2 protein chains.
Amino acid sequence: MTGITEAPRLTPAARRVLDVATELFYTRGINTVGMELVAERAGVTKKTIYDRFGSKQRLVVAYLRARDARWRDFLAAHQDPDASPRARIGATFEALDAWMRQENQRGCAMVNAYAELSDPEHPGRAVAEEQKGWLRDLYTDLARECGATAPGTLGSVLAMLHEGAVVARNVTGRPTPP
Amino acid sequence: MTGITEAPRLTPAARRVLDVATELFYTRGINTVGMELVAERAGVTKKTIYDRFGSKQRLVVAYLRARDARWRDFLAAHQDPDASPRARIGATFEALDAWMRQENQRGCAMVNAYAELSDPEHPGRAVAEEQKGWLRDLYTDLARECGATAPGTLGSVLAMLHEGAVVARNVTGRPTPP
DNA sequence: TTGTGAGTATACCGACCGGTGTGTTTACGT
DNA sequence: ACGTAAACACACCGGTCGGTATACTCACAA
């Protein structure tokens, strides 16, 4: 059941590269971080990066997948599968709050990537789209379990609140979670 | 009462530069658009741009202010100041829907700029922060006029829904406005 | 008439970008 | 003991970045 995000069996150096890239791309932005800086911070030559990842585009995709996987794991760890659907919705927002408090100082990585990767062909955009679809489906399923009359609508609204909360916390101060 | 956004009295060439930059920065992203391209598309030399705007940083700030002013004008044109507060909240969301349908294919310019300008010192970030604060105040005032028990909370929630709707429309398909 | 501000044309700067090629060293499994 | 994969060092590529310098034209106003 771990087949959603494949495990690409990274070499030790590739692992370091991905970790460093994840940190740098998120905090400084994808376009402002060059491959040379990634190589230097990972204690690796550019050659090694290109041998392992092929191109910056693919490294970016790997970065986005890694961020997404980390968030899903985080959420799963903060969820009690046996709790009521209503409680699980609340727990999701609480997990988001905790997530932002500790690992998220620059907003949503997917939204940021979508802003930076203006080329519609960039495969990173598809990762972000998939992630947002997943999030909406998550809330829609919870709404359905709650017995909502229009689970699709409620799920979308919850997802929008989720997204808006991230933006609000990022660009302004504290939000007020309901 | 037009003193919120100053009118900088642009020369004809500067006007063209700002229009072109507004279009390019929004559709392709700030960091991926070079000054040379802006100059070419505006039918102007780089020298002229640097004579009028001084630096790319300042041109970016002018771009963000122009976008913000356009949105506020658009919203004001779609608002009936004599309508009930409740109707004006609805009208705001309808204006947002119309705005996104016709001029907004790449999400919120302020959020995108915030993603691209990772340097906390960049003055463009302050423009985005101010704009988001203004939006939240707008909803908070409307909530207060509605007689809400906690206008600040309701205003923040409405602003979050607003923001989330923009993200949803941008990265996924149609949203479902309440 | 004579400035002056606006704009043009062109060449240039150092720095950095993503990406490649060649060859060498290290570590591990067989 | 040997082969292979991983990582190394280093030099190089064409191209673009933001920004500057010099010198010229043009329109308009005092």
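No experiment lies behind these values; they were computed from the predicted model shown. In what follows, chains are A, B, ... by sequence order, proteins preceding strands, each numbered from 1.
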Next on the checklist: For a quick test of reading the model: is some side-chain N or O of Thr48(A) closer than 4.0 Å to OP1 or OP2 of dA7(D)?
Outcome noted: no
Next on the checklist: Side-chain N or O of Arg52(A) versus OP1/OP2 of dA7(D): is the shortest distance under 4.0 Å?
Outcome noted: yes
Item to check | Nucleotide dC17(C), atom C1' - distance to CD1 of Ile30(A) in whole Å | outcome: 16 Å
Checklist entry - Rounded to the nearest Å, what distance is computed from the NZ atom of residue Lys47(A) to the P atom of nucleotide dC12(D)? => result 17 Å
Which nucleotide sits closest to the side chain of [X]: [options]?
{"X": "Arg16(A)", "options": "dC8(D), dG19(D), dG7(C)", "result": "dC8(D)"}
{"X": "Tyr50(B)", "options": "dG19(D), dC8(D), dG18(C)", "result": "dG19(D)"}
{"X": "Thr11(B)", "options": "dT8(C), dG19(C), dA6(C)", "result": "dA6(C)"}

Answer with base, sugar-phosphate or nothing: what part of the nucleic acid does [X] contact at a heavy-atom distance below 4.0 Å?
{"X": "Gly54(B)", "result": "nothing"}
{"X": "Val17(B)", "result": "nothing"}
{"X": "Val33(A)", "result": "sugar-phosphate"}

Item to check | Donor-acceptor pair (no angle test) under 3.5 Å: Lys46(B) side chain, dG19(D) base | outcome: yes
Checklist entry - Is the closest side-chain heavy-atom distance between Arg70(A) and Trp99(A) below 4.5 Å? => result yes
Checklist entry - Quick one: on DNA chain D, does Gly34(B) or Ala13(A) contact a more 5' nucleotide (nearest heavy atom)? => result Ala13(A)
Checklist entry - When rounded to the nearest 0.5 angstrom, what distance separates CH2 in Trp134(A) from OG1 in Thr172(B)? => result 15.0 Å
Item to check | Distance-only polar pair, side chains of Gln105(A) and Thr27(A), donor-acceptor under 3.5 Å | outcome: no
Item to check | Check ion pair Arg41(B)-Glu23(B) (N to O, under 4.0 angstrom) | outcome: no
